Amino acid sequence: MMNRREWIANSTALAAATTAAAKQTGTASKKPVVISSANGRAACAKAMEVIRSGGDTLDAVIAGVNIVELDPNDTSVGYGGLPNEDGEVELDACVMHGPTRRAGSVAAIHGIKTPSKIAKLVMDTTTHVMIVGEGATKFAEAHGYKRENLLTDKARTAWLVWKESLRAPAGFNNWTSMDQNLRADASSPLPRLKQRFPDVDDATLAWAWQMANHPTYGTINCMGLNEKGEISGVTTTSGLAWKIPGRVGDSPIIGAGLFVDPDVGGGGSTGVGELNIRTAGGHTVVESMRHGMTPKEAVLEELKRVSHLYNDDRKILEKLDIQFYALRKDGEHAAGSLWGGPRAPKNYSVNDGGESRHEPCVFLYEKA
Ligand code: ASP
């Protein structure tokens, strides 16, 4: 325990750092900036277009991520996302509006392609911050959204491959014929899969096998700042593929998947959500910037906390993947990945007025 003198010394140091940070972040941005996870180049461009035409920063980033939510080929977000264990696409999203310091969130929502818009509706039209499950879908329906089937053929193929192959790769499996069970050979799945799904092309089957064995995490986090220094953010995802129905990751959790404080900036995340929830990553990134860290230092600080969850044991950590994004109120930004380096480079998307581009993430550990 800290004694009184240590506490006062610490508090004084903290106050000094906070004042320094306030000076550093006190100026309005000179030009608008939008950043997102690597899958968001088009989203950043769209958000920038809205910001430049005078739109609100939250409307801008939502318009950006709607592109990814509606894209059936992005299998980690919105329509076309990989489903839960029951084959149902289950989505999570949250938004934070910096200028009014408000937030909204939905989790485990079904049947609605653009959960980010429903999160904003929660923020705008209710006294609540978070609505989950069937309640969230009914809430969307009450606002005129139609419940739709979000499972594409591609995602369903991957789900069936997972059902059939992963649970018992070389053993008895209820989901394949007896003949196939007897011939099961987990080491060379493609011929078997081809026989089983004759209408599906080889590339899709190879991808489905990869997804079955390494369920993806994939999400878009997007944060935007205008020239007045106003900042907002959104995070939206279909979460972990093949999750237990009802599993909620970090993405819709204010303070984990996203945190925006208009006095400081924003922090967001993609990757293994459980690691982020356990370290309140979005909030930690913002608090680190508040206390004087640069965006780069802030994302690395949060990655160290993730690493610390496993006593920095790289053998365990190398099986995990997580990124954090930071956008400071003055327009400085960075992203950091647990793993990176020349052999496994990680990027994030940036748009500061021209074309969207990828910039490299800083990283805590280098992949051998
Ligand atoms: N963070 C998301 C989740 O855990 C997934 C991801 O970002 O890939 O649900």
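Nothing here was measured: the structure is a model prediction, and the numbers come from that model. Both counts, for ligands and for their atoms, begin at 1 and track the order of listing. When a residue number appears, it is its place in the shown sequence, counting from 1.
Closest heavy-atom approach to atom 3 (C) of ligand 1 within the set Asp250, Asp321, Ile277, Val272: this belongs to Asp250.
With respect to the salt-bridge test (charged N to carboxylate O, under 4.0 angstrom), the residues Lys243 and Glu85 do not qualify.
Proximity to Thr270 (heavy-atom distance under 4.0 Å) selects the following atoms of ligand 1: 7 (O). Heavy-atom contacts of Gly239 reach the following atoms of ligand 1: 9 (O) (cutoff under 4.0 Å). For ligand 1, the atoms lying closer than 4.0 Å to a non-hydrogen atom of Ser251 are 1 (N), 2 (C).
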Donor-acceptor contacts, no H, no angles, side chain residues 338-346, under 3.5 Å, sequence neighbours left out:
from	atom 1	to	atom 2	distance (Å)
Trp339	NE1	Leu317	O	2.8
Lys346	NZ	Asp321	OD1	3.4

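Applying the salt bridge (charged side-chain N to carboxylate O under 4.0 Å, His left out) rule to Asp352 yields the partners Arg357; only residues at least two apart in sequence or on another chain are considered.
At under 3.5 Å, not a single nitrogen or oxygen of Ser269, backbone or side chain, sits near a nitrogen or oxygen of ligand 1. Considering both main-chain and side-chain atoms, Gly271 comes within under 3.5 Å of ligand 1 through a nitrogen or oxygen pair. Note: an N/O pair closer than 3.5 Å links Gly273 and ligand 1 by distance alone. Considering backbone and side-chain atoms alike, Glu274 places every N or O at 3.5 Å or more from each N or O of ligand 1.
Ligand 1 lies less than 4.0 angstrom from a heavy atom belonging to Arg247.
Between Asp250 and Ser269 the shortest side-chain heavy-atom distance falls below 4.5 Å. Side-chain contact between Thr236 and Thr219: absent, with no pair of heavy atoms (C-beta onward) separated by less than 4.5 Å.
Side-chain contact check for Glu88 and Asn84: no donor-acceptor pair (N or O, by modelled atom type) lies under 3.5 Å.
Side-chain rings of Tyr325 and His333 stay apart, their centers remaining 6.0 Å or farther from each other.
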